Each structure stands twice: as C-alpha cells, then as structure tokens.
Student: 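Before I ask anything, let me first share the structure, which is written out below as structure tokens.
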Amino acid sequence: MDFLSINHWDPVLWNLVDELNQEAFGKNGAQLVSIIQNMFEKQLCVLHLMVESNEDVAMSLTGAIPNKGILIIDYLAVNKDRRLKQYGWNMDDYIKKWAMPRREYSLILLEAEQFLSSCRNGGILL
C-alpha cells in the first residue's frame, strides 16, 4: 500500500481519483472540480491518495481551520469493492501520521455526511 499527498492542483491526478469521489458521494454530493481547484489555488486543501497494486483505492481531501490547530478530513472515499476492509482506517491513520510532524494541528476532525445503520457495534465503518 502506497500513499501520496499533494498540496497543488494536478488535473491528471484528479482524473484518477475523481471516479472514487463520484462513486462515494454521487453527482450531487461530490465536490465540483472548480471548487476543488479554487481550494488548491488558495492553498486550503491537500489531496491524499492510497494506491494498492497500481489501483487507486482511497482518496481524501483535508483542510485546516486557520489559527485553530484543527485539520479537517473533509472528504474520505474508499473504492466500493474495498469498503469494510479497513482501508478507510488505514487512510485515516496515514493522515494522522502525515499531520503529526507538522505540529500545527492539535485536533483532527472527520466530517461525516452519512452513517451506516447496519454497523454491528454502532460505530462508523471506514
């Protein structure tokens, strides 16, 4: 499993992950490309990507709340065939490890849009 984080707009990379974005959030829930491009131009976000066997399996967009020490995991999407197999947790763990050396973050906030009612233990399945 390999991870990549970029803080600039890369249309080639975005084309690779946009399928995950659309699959996870649908056409109405997925962020518009123009909004994401604008976030990169203003240096408000970072794109994180998880790759396994040359396949994009998870992506996330993170942003910070300025001067508050908070990193927000705004979007986290996992390939539909890899859900409920710890890939979301692995991506979350990677983002925590990515953020720790930056020392500007004291809190990571995961924005949740949907909850799975079928979760056996009542938690969120990533």
Side-chain angles (χ1 to χ4, degrees):
M1 201 173 321
D2 294 309
F3 295 92
L4 170 70
S5 295
I6 63 165
N7 62 358
H8 61 277
W9 175 249
D10 183 331
V12 174
L13 188 58
W14 182 256
N15 285 336
L16 294 174
V17 301
D18 191 43
E19 184 178 334
L20 286 172
N21 186 37
Q22 297 290 331
E23 176 186 283
F25 300 105
K27 294 194 184 285
N28 294 330
Q31 289 277 8
L32 295 173
V33 173
S34 59
I35 293 172
I36 295 170
Q37 283 178 300
N38 189 45
M39 290 170 62
F40 276 114
E41 288 172 14
K42 294 179 178 179
Q43 296 191 335
L44 297 174
C45 69
V46 174
L47 173 65
H48 307 276
L49 178 63
M50 179 192 303
V51 178
E52 186 175 67
S53 302
N54 293 322
E55 183 182 353
D56 303 329
V57 296
M59 59 84 67
S60 180
L61 279 173
T62 60
I65 297 178
N67 304 316
K68 298 292 183 188
I70 300 173
L71 178 68
I72 300 173
I73 300 176
D74 189 23
Y75 273 74
L76 194 153
V78 177
N79 175 291
K80 67 180 177 185
D81 297 327
R82 305 251 169 104
R83 292 182 191 152
L84 306 177
K85 297 177 182 171
Q86 302 295 314
Y87 286 91
W89 287 114
N90 290 336
M91 178 60 99
D92 179 64
D93 189 55
Y94 165 75
I95 292 170
K96 283 189 258 184
K97 290 176 181 171
W98 171 85
M100 285 173 54
R102 285 158 178 77
R103 299 191 191 273
E104 63 213 67
Y105 306 117
S106 58
L107 178 71
I108 298 177
L109 178 67
L110 174 62
E111 182 179 328
E113 307 265 336
Q114 298 178 4
F115 294 94
L116 298 176
S117 60
S118 62
C119 182
R120 285 184 290 254
N121 64 3
I124 299 171
L125 297 177
L126 298 176

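Bear in mind that the values here come from a model prediction, so they are computed numbers and not experimental data.
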Student: Should Ile6 and Val33 be regarded as members of a common hydrophobic cluster, given that ILVMFWY residues are connected when their side-chain heavy atoms come within less than 4.5 Å of each other, either directly or indirectly?
Tutor: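 In one cluster: yes.
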Student: So, taking the atom named CD in Glu19 and the one named CG in Asp56, what distance separates them when rounded to the nearest 0.5 Å?
Tutor: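 Going from the CD atom of Glu19 to the CG atom of Asp56 covers 8.5 Å.
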Student: Enter the distance from Leu61:CG to Leu76:CG here, rounded to the nearest 0.5 Å.
Tutor: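 Leu61 CG to Leu76 CG: 9.5 Å, rounded to 0.5 Å.
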Student: Grouping I, L, V, M, F, W and Y whenever their side-chain heavy atoms are under 4.5 Å apart, do Ile72 and Met91 come out in a common cluster?
Tutor: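 Different hydrophobic clusters.
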Student: When you group the ILVMFWY residues by side-chain heavy-atom contacts below 4.5 Å and let the links chain together, are Trp14 and Val51 in the same group?
Tutor: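 Linked within one cluster.
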Student: In terms of hydrophobic clustering (I, L, V, M, F, W, Y; side-chain heavy atoms under 4.5 Å; direct or indirect links), are Ile36 and Leu4 co-clustered?
Tutor: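 Yes, it is one cluster - the side chains of Ile36 and Leu4 are joined through contacts under 4.5 Å.
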Student: Are more than 12 heavy atoms from other residues, nucleotides or ligands located less than 6.0 Å from atom CG of Asn15?
Tutor: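 Count over threshold, so yes.
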Student: Please round to the nearest 0.5 Å and tell me the distance separating atom CG of Asp74 and atom SG of Cys45.
Tutor: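 It comes to 9.0 Å.
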Student: Rounded to the nearest 0.5 Å, what separates atom CE in Met59 from atom CG in Asn79?
Tutor: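 Reported value, rounded in 0.5 Å steps: 12.5 Å.
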Student: Linking I/L/V/M/F/W/Y whenever any side-chain heavy atoms sit under 4.5 Å apart, do Leu110 and Ile70 land together?
Tutor: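 No, it is not one cluster - the side chains of Leu110 and Ile70 are not joined through contacts under 4.5 Å.
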Student: Which class fits the ring pair Phe3 and Tyr94: parallel under 30°, tilted 30 to 60°, perpendicular over 60°?
Tutor: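 Phe3 and Tyr94: parallel rings.
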Student: Keeping Arg102 on the side-chain end and Trp98 on the backbone end, is there a donor-acceptor pair under 3.5 Å?
Tutor: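 Present.
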